[in-house]
Protein chains: 2
Amino acid sequence: MARPGGRSARVQESVHTAVRELTAEMGREALTVPLVAARAGVTPSTVYRRWGDLQELLSDVAVERLRPDSDPEDRGSLRADLTAWAEQFLDEMASPPGRAYIRDALLGDPDGANAGQCSAYAAEQIDVVLARAAGRGEAVPDTETVVDRVVAPVMYRILFRPGGLDAGYARRLVAGVLDAPG
Amino acid sequence: MARPGGRSARVQESVHTAVRELTAEMGREALTVPLVAARAGVTPSTVYRRWGDLQELLSDVAVERLRPDSDPEDRGSLRADLTAWAEQFLDEMASPPGRAYIRDALLGDPDGANAGQCSAYAAEQIDVVLARAAGRGEAVPDTETVVDRVVAPVMYRILFRPGGLDAGYARRLVAGVLDAPG
DNA sequence: CACTAAAAGCTATTGGTTTGCGTTTAGCCA
DNA sequence: TGGCTAAACGCAAACCAATAGCTTTTAGTG
């Protein structure tokens, strides 16, 4: 993988852009490697060599989209910060596009590197919230505890229990980990 | 879908058997629809029409394999029952074949029906354990609470955090939900 | 400025996937 | 029991995604 500005970087960028555009235009089902390659202005063999197959390419694009673009907002207390973050997290992840990205990220991921990256994103956001609360002098749970008690249940239900998720569920999970830290 | 003994049932059975045999013989990577169809004694078009593609077929087979074959053993107390079940659950699901089945089950599952079935299997097992404990007069948590506090963290880590799972983790999760029920 | 290795373009070929049509089978009602 | 209907399957041709071999371009280096 060359430095930004090199040909490799240009190809990667144009291919990723092609995936995003074509997904928006005609849906995920209609996507095919030759189609993406044509839109990106490269040959299919280039895509196959760099990504292996369509799933791995979609996984790469999905991880990019799941990267949070900013730190959680400071609302003055651990409870308020964590509740707001959890509600937004559930809202984004449980939406149809969010679910599609999660599936794509998990699917074309032979070694689990992309899935690990997604988990790291959530852990980083939680770290920010917890560190801020600790700076205020509040007692804070471990990041791992929050992952187990909030992130994991949300993701589990998104993946295995289609339907029946709302902001209230996220609030209850946060209340549970703050009021009864295991 | 016809009753057992009908042609549809015979075809489904022979195709599923072919998938299991060929997976064991030459690995999941080598599987193709024409290969499975030939082993099953049907034509590829039959498989494509019934299952859509290889992923959906593998998803069906994976769900079958994830079905528990017996109720959890009675060890005399809720804590012992739940701990033993969680340890076995983690052990089976975190193993390479278990992870492969989970991935397959999630993968070819457009409407989430197969994933929901997997979740239902775990909930049923937990229900048995909790009902038995309630029959003894023990105080028991909700099934949903156990799913959130034990099943979800295990599955999340299997899917998003490759590596670093052991029986001790399952024991700590069970202890957490029994000693500090949210 | 030449040199080397990695990456992309090009093309032929393979084989997985789709489709249309005829045939069989299972369920159903008289 | 016997015909009727619709769903499921077999068959075969056509399509197109996927792969591989080879050439050409490009980026980095002495």
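In what follows, chains are A, B, ... by sequence order, proteins preceding strands, each numbered from 1.
Atom C1' of nucleotide C:dT17 and atom CG of B:Leu57 are separated by 15 Å, given to the nearest angstrom. Remark: C1' of C:dT18 and CD of B:Glu56 are 15 Å apart, rounded to the nearest angstrom. Whole-Å rounding puts the A:Trp51 CH2 to C:dA7 P distance at 12 Å.
Counted within 6.0 Å of CD on B:Glu25, heavy atoms from surrounding residues, nucleotides or ligands total more than 12; the atom is thus considered enclosed.
For A:Arg10 and D:dT25, the shortest distance from a side-chain N or O to OP1 or OP2 is not below 4.0 Å.
In the hydrophobic clustering of ILVMFWY residues, with side-chain heavy atoms under 4.5 Å counting as a link, B:Val147 and B:Leu106 come out together.
Side-chain atoms of B:Arg7 and base atoms of C:dA26 include no donor and acceptor less than 3.5 Å apart.
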Would you mind building the protein contact string for nucleotides 16-23 of chain D? One character per nucleotide, 5' to 3', B for base within reach (heavy atoms under 4.0 Å), S for sugar-phosphate only, - for untouched. -SBBBB--
Checking A:Leu57 against A:His16 for the side chain to side chain contact (heavy atoms under 4.5 Å, CB included) test, could you report, in this order, the C-alpha distance in whole Å, the side-chain angles of both residues, the deciding distance, and whether it holds? CA-CA 8 Å; A:Leu57 171 58; A:His16 277 211; 4.1 Å; yes
Evaluate side chain to side chain contact (heavy atoms under 4.5 Å, CB included) for A:Arg79 paired with A:Asp179, printing each intermediate quantity in order. CA-CA 10 Å; A:Arg79 185 173 298 264; A:Asp179 297 333; 2.6 Å; yes
Can you check side chain to side chain contact (heavy atoms under 4.5 Å, CB included) on B:Arg50 and B:Ser8, steps first, answer last? CA-CA 10 Å; B:Arg50 281 200 35 156; B:Ser8 292; 3.4 Å; yes
Evaluate the criterion side-chain hydrogen bond (donor to acceptor under 3.5 Å, both in side chains) for residue pair B:Thr43 and B:Thr46; output intermediate values, then yes/no. CA-CA 6 Å; B:Thr43 60; B:Thr46 295; 3.2 Å; yes
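At a threshold of 4.0 angstrom between heavy atoms, the contacts of B:Thr43 include nucleobase atoms, whether or not backbone atoms are also involved.
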